[in-house]
**Q** 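Before anything else, here's the structure in question.
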Amino acid sequence: MIVINMKIVAALVSCSLVTITANSAVLPSNQTDSEWFKSSALKVTEKTQQVNKEKAKNVILFVGDGMGISTLTAARIFQGQQIEGNMGGEENFLSFEQFPHTALVKTYNTNQQTPDSAGTMTAMVTGVKSKAGVLSVSDTSLRANCLSSKGNELTTLVDLANAKGLSTGVVSTARITHATPAAAYSNTPERGWEADSNLPAEAITNECKDIAYQLVMRDEDNALNVALGGGRRNFIPDTITDGEDKKGRRSDGVDLTKSWTDNLSNAAYVWDKTGFDAIDTASTDHLLGLFNSSHMEYEADRMDDTAGEPSLTEMTTKSIDILKKNDQGYLLIVESGRIDHGHHAGNAHRALMDAVELSNAVQAAIDSTDPEETLIMVTADHSHVFTIAGYPKRGNPILGLVHNVDGNLATAKDGKPYTTLGYTNGPGAVVGLRDDLSSVDTQEKSFKQQALIPMGSETHAGEDISLHATGPGSHLVQGVIEQNVIFHIINQAQSLGGTKY
C-alpha cells in the first residue's frame, strides 16, 4: 500500500515544481529537458533491450595491474581533459566503462588481507584462491619451496583452451615472466623464479623449472601462439648482450628465443618495433616478442625507447590478427602491467597514462572483433592506496593543485596548497614540514604526489576492484564476487571443460 503525504503534495503543486495526482506524477520541463536527465534515461532504456547470449567463441581478458576504482576515476578525467569539447573531464567514460555488465571483485589472498599480483591472477586463471607470491599452485604449497609445490600444480585457462584446440596468447607491458602474465602459463611456488639463475639449490634439486623456461618449452599443442612483453634478460644466456646492450641472466647457456623458433612451427621472435611491424600475421602462427631487458617503457616514455616498442594497443591488435585465424576460437590475456609500477613510484601521471592506453587497447579489441562471438572482460588484480581528495572545482586539472569552486587556490591548515591526487604511503611522503607546491609543476610526468607514510615503494590496497564485461556470457558479471569466479565465467562461456555448470 502506498501512503501519500498530502501536505507535501500540496506544497509541491503550489510551487509548480511538479503536477501530482493520486495515480501519476508529471515532471517539469526544466527537469526532463536536461541533458543529464535524457542521457541517463536512455542508458536505462538500452539496458531493457539487452539480449543475453551464453556461449563465446573468443575471450579477451584485460587486466590493469593495480587499476583500482580511484585509478579508473582519475584516468577517465585525465583522458577527458585532453579531449576537445569535454566540459571538464568528469563526464568522460573509458572505453570499457560503458560495457553493459559490471561487478565488484574481492581480491584478498588466502594468507593476506591486501593481496599481491601472483595470488590474485592465480585466482582468475585457475578458479582457486592461493597465497601471495605463488603462481598457479594451490595454497598448500609453501612459498619458494619447490618440493611442496609438486602435485599441487593447478590447470589454467590457457591449458584448458589449448586442450580444446583454441589459440592462446598472453600480452603484457611488464616482463612477460612477471607475476600476472606468468600465472596464465606457469606453475611455481615463487614468482621471483623468472630465470634459471633465480632458482635456489632446493628448487634445482627437486627439478622446478624457471618461468621463462616454462613459457617456451611447452609442447606445441599446448604452446602459446602469442607471447609479447618485456623480460628479454630471462630468455637469453648471461654470455649474450642483447640489441640494447643489456646482458642476459640465464646461467644454463640456453637461448630460449632460439628454442622458440626451433621448436614451434611458423614461429618468429622479435625484440624491437621494426621487427614487430614487419611480422606477417598471415604466415606467423607463433610469435614471441620481448621488447625490453626488463619491463617495457611506461606509455609516457615509450617514444624515447632506444630500439622502439609497440604500444599495448598495437600488441593487442596484432595478437588478435594471429589468433583469429583459428576457426575454433581463441583466449587472449592482456595486462597493462605498468599502471602498478607508476603507483608504486608514487607517480600518478605515468600510472594514468598507462590506464588510458589500456582503455585504447580495449577499444581496439572491440573494433577488431565480432560482439556476437567475443566475450571481452576488463578488470584489475588489486588496487592501490591512491586517493582523490579536497573539493576541486569542476574541470580542475586532475593532476593539478586544488582550486575551489570560486576559483581560489585551496590551502591546508599549514597554509600551503595541495594536489587532488595523493597516496596514503609511498616515496612522496612528507617528513617534517610539507613542501610548498605553489611554484611546482605537479602535472609534469615525473612528479611524485605527496603521501602520508614514508615508504620506499607505495603499497597495494585491499578494497574491491571492478570487473566490466560485454559479449556472450557477460551477463554473469554482476554483484560482488570472489576473484576466482572470473575463471568460471570464462570457463562456462567457452565451455573449456573440467566443470559442469
Side-chain angles (χ1 to χ4, degrees), residues 64 66-94 97 298-302 304 336 338-359 383-461 463:
M67 190 175 69
I69 301 296
S70 56
T71 301
L72 291 180
T73 304
R76 87 167 71 104
I77 296 172
F78 178 74
Q79 182 190 55
Q81 290 179 342
Q82 298 172 61
I83 300 173
E84 185 177 354
N86 255 9
M87 294 173 64
E90 296 86 355
E91 73 284 1
N92 184 52
F93 288 92
L94 299 172
E97 291 182 315
Y298 289 106
E299 180 62 21
D301 307 313
R302 183 171 58 83
D304 299 326
S336 179
R338 307 225 63 194
I339 300 170
D340 177 72
H341 300 158
H343 282 322
H344 280 308
N347 179 205
H349 190 288
R350 285 188 170 90
L352 296 185
M353 278 200 70
D354 274 54
V356 169
E357 175 57 17
L358 174 63
S359 175
S383 184
H384 276 266
V385 292
F386 176 59
T387 60
I388 304 173
Y391 297 100
K393 66 177 182 177
R394 176 79 182 276
N396 199 74
I398 192 65
L399 292 169
L401 298 172
V402 172
H403 288 76
N404 294 322
V405 174
D406 60 11
N408 293 322
L409 188 66
T411 56
K413 291 188 74 172
D414 59 6
K416 299 172 184 177
Y418 54 93
T419 56
T420 302
L421 303 180
Y423 293 92
T424 303
N425 58 46
V430 175
V431 179
L433 294 177
R434 194 168 67 91
D435 290 342
D436 187 345
L437 300 176
S438 299
S439 59
V440 176
D441 182 6
T442 63
Q443 299 183 66
E444 194 274 325
K445 71 178 182 179
S446 295
F447 176 76
K448 294 182 186 296
Q449 275 69 25
Q450 292 179 334
L452 176 63
I453 301 169
M455 299 188 74
S457 176
E458 177 265 4
T459 71
H460 297 171
E463 74 269 13

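Values in this document were obtained by computation on a predicted structure and should not be read as measured data.
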**Q** Measuring from Leu399:CG to Gln81:CD, what's the distance to the nearest 0.5 Å?
**A** 8.0 Å

**Q** Yes or no on salt bridge (Lys or Arg N to Asp or Glu O under 4.0 Å) for Arg394 and Glu91, after CA distance, side-chain angles and deciding distance?
**A** CA-CA 10 Å; Arg394 176 79 182 276; Glu91 73 284 1; 3.0 Å; yes

**Q** Tell me whether the centres of the aromatic rings in His460 and His344 are closer together than 6.0 Å.
**A** yes

**Q** Quick check for you: to the nearest 0.5 Å, what is the distance between Glu90 atom CD and Asn92 atom CG?
**A** 10.0 Å

**Q** Shortest non-hydrogen contact from Asn396 to Thr420?
**A** ND2-OG1, 3.8 Å

**Q** Does a salt bridge link Asp301 with Arg350, judged by any charged N lying under 4.0 Å from a carboxylate O?
**A** yes

**Q** Check Ala355 against Ala75 and note the closest heavy-atom contact, atom names and distance.
**A** CB-CB, 3.8 Å

**Q** Stepwise, does the side chain to side chain contact (heavy atoms under 4.5 Å, CB included) test hold for Leu421 with Thr387?
**A** CA-CA 6 Å; Leu421 303 180; Thr387 60; over 6 Å; no

**Q** What is the distance from atom CG of Leu358 to atom CZ of Arg338, rounded to the nearest 0.5 Å?
**A** 15.0 Å

**Q** I'd like to know whether CD1 of Ile83 has more than 12 heavy-atom contacts from other residues, nucleotides or ligands below 6.0 angstrom.
**A** yes

**Q** Test your reading of the model: is there a side-chain donor-acceptor pair from Asn425 to the backbone of Thr459, 3.5 Å cut-off?
**A** yes

**Q** Donor-acceptor pair, His341 side chain versus Ile339 backbone, under 3.5 Å?
**A** no

**Q** To the nearest 0.5 Å, what is the distance between CG (Leu437) and OG1 (Thr411)?
**A** 12.5 Å

**Q** How long is the gap from OH on Tyr298 to OG on Ser446, to the nearest 0.5 Å?
**A** 10.0 Å

**Q** Between Thr419 (side chain only) and Gly400 (backbone N and O only), is there a donor and an acceptor less than 3.5 Å apart?
**A** no

**Q** Without swapping roles, check the side chain of Thr73 against the backbone of Ile69 for a donor-acceptor pair under 3.5 Å.
**A** yes

**Q** Apply the test side chain to side chain contact (heavy atoms under 4.5 Å, CB included) to residues Gln449 and Phe447: give CA-CA distance (whole Å), side-chain angles for both, the deciding distance (0.1 Å), then the verdict.
**A** CA-CA 6 Å; Gln449 275 69 25; Phe447 176 76; 3.6 Å; yes

**Q** Going by heavy atoms in the side chains, are Met67 and Ser336 under 4.5 Å from each other?
**A** no

**Q** Under the salt bridge (charged side-chain N to carboxylate O under 4.0 Å, His left out) test, which residues partner Glu463, sequence neighbours left out?
**A** none

**Q** Exactly one of Thr424, Asp340, Thr71 should register a side chain to side chain donor-acceptor pair (under 3.5 Å) with His384. Which one does?
**A** Asp340

**Q** I would like to know whether Leu409 and Val402 meet side chain to side chain contact (heavy atoms under 4.5 Å, CB included); could you show each step before the answer?
**A** CA-CA 6 Å; Leu409 188 66; Val402 172; over 6 Å; no

**Q** If you look at every heavy atom in Lys416 and Asp435, which pair is closest and at what distance?
**A** CD-O, 3.9 Å

**Q** Nearest 0.5 Å, please: how far is CD1 in Ile398 from NE2 in His349?
**A** 12.5 Å

**Q** So does Lys448 pair up with Glu458, basic N to acidic O under 4.0 Å?
**A** no

**Q** Give a yes or no on whether the backbone of Phe386 and the side-chain of Ser70 come within a donor-acceptor separation of less than 3.5 Å.
**A** yes

**Q** Between Pro392 and Gly390, what is the shortest heavy-atom contact and its length?
**A** CD-C, 3.3 Å

**Q** Give a yes or no on whether the backbone of Asp406 and the side-chain of Asn404 come within a donor-acceptor separation of less than 3.5 Å.
**A** no

**Q** If the condition is salt bridge (charged side-chain N to carboxylate O under 4.0 Å, His left out), which residues does Asp414 pass it with, not counting sequence neighbours?
**A** Arg434

**Q** Could you report the tightest heavy-atom contact between Ala451 and Gly426, atom names first, then the distance?
**A** CB-N, 4.0 Å

**Q** Centres of the Tyr423 and His343 rings: under 6.0 Å?
**A** yes

**Q** Less than 4.5 Å apart, side chain to side chain, heavy atoms only: is that true for Asn408 and His403?
**A** no

**Q** Kindly give the heavy-atom pair with the smallest separation between Pro417 and Asp436, and that separation in Å.
**A** CD-OD1, 3.5 Å

**Q** Find out whether Val356 and Phe78 are in side-chain contact, i.e. whether some heavy atom of one side chain is under 4.5 Å from a heavy atom of the other.
**A** yes

